[in-house]
Each structure stands twice: as C-alpha cells, then as structure tokens.
Amino acid sequence: MATLEIRDLHVTVEADNATKEILKGVDLTVKQGETHAIMGPNGSGKSTLAYSIAGHPKYTITQGTVTLDGEDVLAMEVDERARAGMFLAMQYPVEVPGVSVSNFLRTSATAIRGEAPKLRTWVKEVKESMAALQMDPAFAERNVNEGFSGGEKKRHEILQMELLKPKIAILDETDSGLDVDALRVVSEGVNRIRETGEVGTLLITHYTRILRYIKPDFVHVFANGRIAESGGAELADKLENEGYEAYVKGGASA
Ligand SMILES: Nc1ncnc2c1ncn2[C@@H]1O[C@H](COP(=O)(O)OP(=O)(O)OP(=O)(O)O)[C@@H](O)[C@H]1O
Ligand SMILES: [Mg+2]
C-alpha cells in the first residue's frame, strides 16, 4: 500500500518583495485506501499545501520532507510526481485553450500509464466515466475548462481522477460551487474510485455537506500553516458548530 508522508513541511512564498512563510511545520500521513478531510479557515494554507505537494513553482520548500513510499517527492519534476501516482484537483482549475478534453485525457493517461491506452477500450472507458458523472459527451470535444461552468470544471477534475487512477489524490475544494445534485454525482464519483481501495484521498473542504457523502476516516483542522488537531469524522461536526476561533486565537500569524 502506497503511503504519502509529509514531515515538518515549511513553505514560503514571495509576495510584494517579501518572503512569507505560509506552511509552518505540517505533519501528515496518508495511506492508500484512507480518506482524510482537511478543514480550516480561509488563508490558513490549505491550497498552499496542495500546490507544494504537487510541485507548483511559486512555493519554496524551506524545511521538511514529502515522500511517497520512501521516495523523495520534492526531488521529482511535476510530471514525475504524476507518474508516481500523485493527483491534484485544483481549487481553481485552469483553462487549456486549444486542447480538447479528449486529447488532454488521452495524453495524460499515456504519460502516466507509460503507454497509449488501446483506443477501443479507452473510448469506452471515457464514455462510461463521463456518463457516470452525468457529463454530456459533447464535452470531450471542448477545450479543457474553456467556458466550463464552475460545476463542470469540478466534474472534469473527477473524470481525470477516475481515468488516471492515482495512488494519492488531493481534492482542493472540489465541492465548492456545486449544486446539490452535482455534489451527489461528484461524491459518488469519488466514492467509486475510493471503493477500489487503491486511492488515498486528501479532501480539502469548508463544508460538512460533502462529508455526509464521502465519509472521512480522519479529519484534520488546519490553522496558521499547520495541522492544529486531528480526529475522526465527529471532529467535522464540532467544527461546523463551533468554528475555528479556538484554533486561530493566540496562534494568529503576523
Ligand atoms: N502565490 C502566492 N502569492 C502570494 N501569496 C500567496 C500565494 N499563495 C498563497 N499565498 C498566501 O498564503 C496564504 C494561504 O493561502 P492558501 O490559498 O493556501 O489558503 P487556503 O487555506 O487554501 O484558503 P481558502 O480556504 O480561502 O482556499 C494566504 O494569505 C495567501 O494570500
Ligand atoms: Mg484554498
């Protein structure tokens, strides 16, 4: 079983000619088959954690380690991370003009699987996944995320996850902006992948609503650039009722 280990991760970002430390010692272990939810106030560094693991060039790792099965993830190029089985569904998915969804998915799958998927089975695979996510087949010919509604972008992220079969998936606010039906469809998609037992999921969210569909094994409170508390699913309800004040107070960054 694959294991992602984050140890004492410190990350800075350059903003306005100053270096700002955003992550201040994150410790987290995610194993294949487990689901972890991360909840925390705006600006606490949740997306920074996701981007840092994925290898976004804006973020500088100043201390700590990230390993996947003992392999140094931080030493890998972005595409190597994907090939190693890491997947990030971004909070704000980017448009890729000139590249159709169908081409994008096939190119990604080819890169990750190490060989081009057989055309016949591939077309079937894509069609089935799109149908399960209730995506109009016409989306396959549209350019990636171009003119997609918020909810359509999120479905497209889950479509990628389903086809690329990552070992570790980070879903950054995949539930934001979804209507109730879309939330159910997207959650069912995540659960289908989860049921294979072959993905470890890190679900960043603001709402317990999605956690009613996707039951987390662990819930972590993220505040001031680190994990302030960890618990089971019941912790999410506590947070919804009491908010984050107890975690932010006293520990607020400059
Ligand atoms: N590229 C960047 N340039 C400048 N500041 C940044 C950058 N990325 C993150 N930050 C800052 O780091 C802090 C954490 O941002 P981050 O997006 O990680 O928060 P978050 O926990 O994901 O918040 P939200 O819940 O609103 O999505 C914020 O103060 C943000 O302004
Ligand atoms: Mg965020």
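Counting starts at 1 for both ligands and their atoms, following the listed order. The first residue in the sequence is number 1, and the count goes up from there.
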Quiz item: Is there a nitrogen or oxygen of Ser47 sitting under 3.5 Å from a nitrogen or oxygen of ligand 1?
Solution: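 Ser47 vs ligand 1: N/O contact under 3.5 Å present.
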Quiz prompt | Donor on one side chain, acceptor on other, Thr12 and Glu21, under 3.5 Å | solution =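 Per modelled atom types, Thr12 and Glu21 side chains form no pair under 3.5 Å.
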Quiz item: Is a side-chain donor-acceptor pair under 3.5 Å present for Gln160 with His156?
Solution: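 Their side chains do contain a donor-acceptor pair, which is all the 3.5 Å distance test asks for.
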Could you check [atom] against the protein and tell me its nearest heavy-atom contact, residue, atom and distance included?
atom: atom 4 (C) of ligand 1; answer: Ala15 CB, 3.6 Å
atom: atom 12 (O) of ligand 1; answer: Ile22 CD1, 3.0 Å
atom: atom 13 (C) of ligand 1; answer: Gly43 O, 3.6 Å
atom: atom 15 (O) of ligand 1; answer: Thr48 OG1, 3.8 Å
atom: atom 29 (O) of ligand 1; answer: Lys20 NZ, 3.3 Å
atom: atom 1 (N) of ligand 1; answer: Lys58 CD, 3.2 Å

Please tabulate, for side-chain N and O atoms in residues 48-60, each donor-acceptor pair with protein atoms closer than 3.5 Å (sequence neighbours left out).
| unit_1 | atom_1 | unit_2 | atom_2 | d |
| --- | --- | --- | --- | --- |
| Ser52 | OG | Thr48 | O | 2.6 |
| His56 | ND1 | Lys58 | N | 3.0 |

Which ligand 1 atoms are under 4.0 Å away from a heavy-atom of [X]?
X: Ser44; value: 19 (O), 21 (O)
X: Val13; value: 1 (N), 2 (C), 3 (N), 5 (N), 6 (C), 7 (C)
X: Gln91; value: 27 (O)

Quiz item: Residues in side chain to side chain donor-acceptor pair (under 3.5 Å) with Glu146, at least two apart?
Solution: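 For Glu146 the side chain to side chain donor-acceptor pair (under 3.5 Å) partners, ignoring immediate neighbours, are Asn143.
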Within less than 4.0 angstrom of ligand 1, does [X] place any heavy atom?
X: Gly40; answer: no
X: Pro41; answer: yes
X: Tyr59; answer: yes

Quiz item: Relative to the Mg ion (ligand 2), how many protein N, O or S atoms have a separation of less than 2.8 Å?
Solution: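 Number of qualifying protein atoms: 2.
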Can you check whether [Y]'s main-chain N or O pairs, donor with acceptor, with [X]'s side chain at less than 3.5 Å?
X: Asp72; Y: Thr67; result: no
X: Thr208; Y: Asp237; result: no
X: Glu157; Y: Met90; result: yes
X: Arg194; Y: Lys215; result: yes

Quiz item: Is Asn42 touching ligand 1 with its side chain, its backbone, both, or neither, if touching means heavy atoms under 4.0 Å apart?
Solution: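 Both parts.
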Quiz item: Taking NZ, NE, NH1 and NH2 as the nitrogens, is one of them in Glu128 or Lys124 under 4.0 Å from a carboxylate oxygen of the other?
Solution: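 Here Glu128 pairs with Lys124 in a salt bridge, since their nearest N and O are under 4.0 Å apart.
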Quiz item: Does Glu188 pair with Arg184 as a salt bridge, N-O distance under 4.0 Å?
Solution: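 Judged by the 4.0 Å cut-off on N to carboxylate O distance, Glu188 and Arg184 do form a salt bridge.
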Exercise. Pick, from Glu173, Glu21, His56, Lys46, the option with the minimum heavy-atom distance to atom 21 (O) of ligand 1.
Key: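 Checking each option, the heavy atom nearest atom 21 (O) of ligand 1 is found in Lys46.
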Exercise. Scan residues 165-178 for pairs that pass salt bridge (Lys or Arg N to Asp or Glu O under 4.0 Å), counting only residues two or more places apart or in two chains.
Key: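 Pairs touching residues 165-178 that pass the test: Glu125-Lys165.
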Practice problem: Take the angle between the ring planes of Phe218 and His36 and call it parallel below 30°, perpendicular above 60°, tilted in between. | Solution: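 Plane angle under 30°, so parallel.
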Self-check item: Flag side-chain contact, heavy atom, 4.5 Å: Met76 against Arg83
Solution: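 Met76 does not reach Arg83 side chain to side chain.
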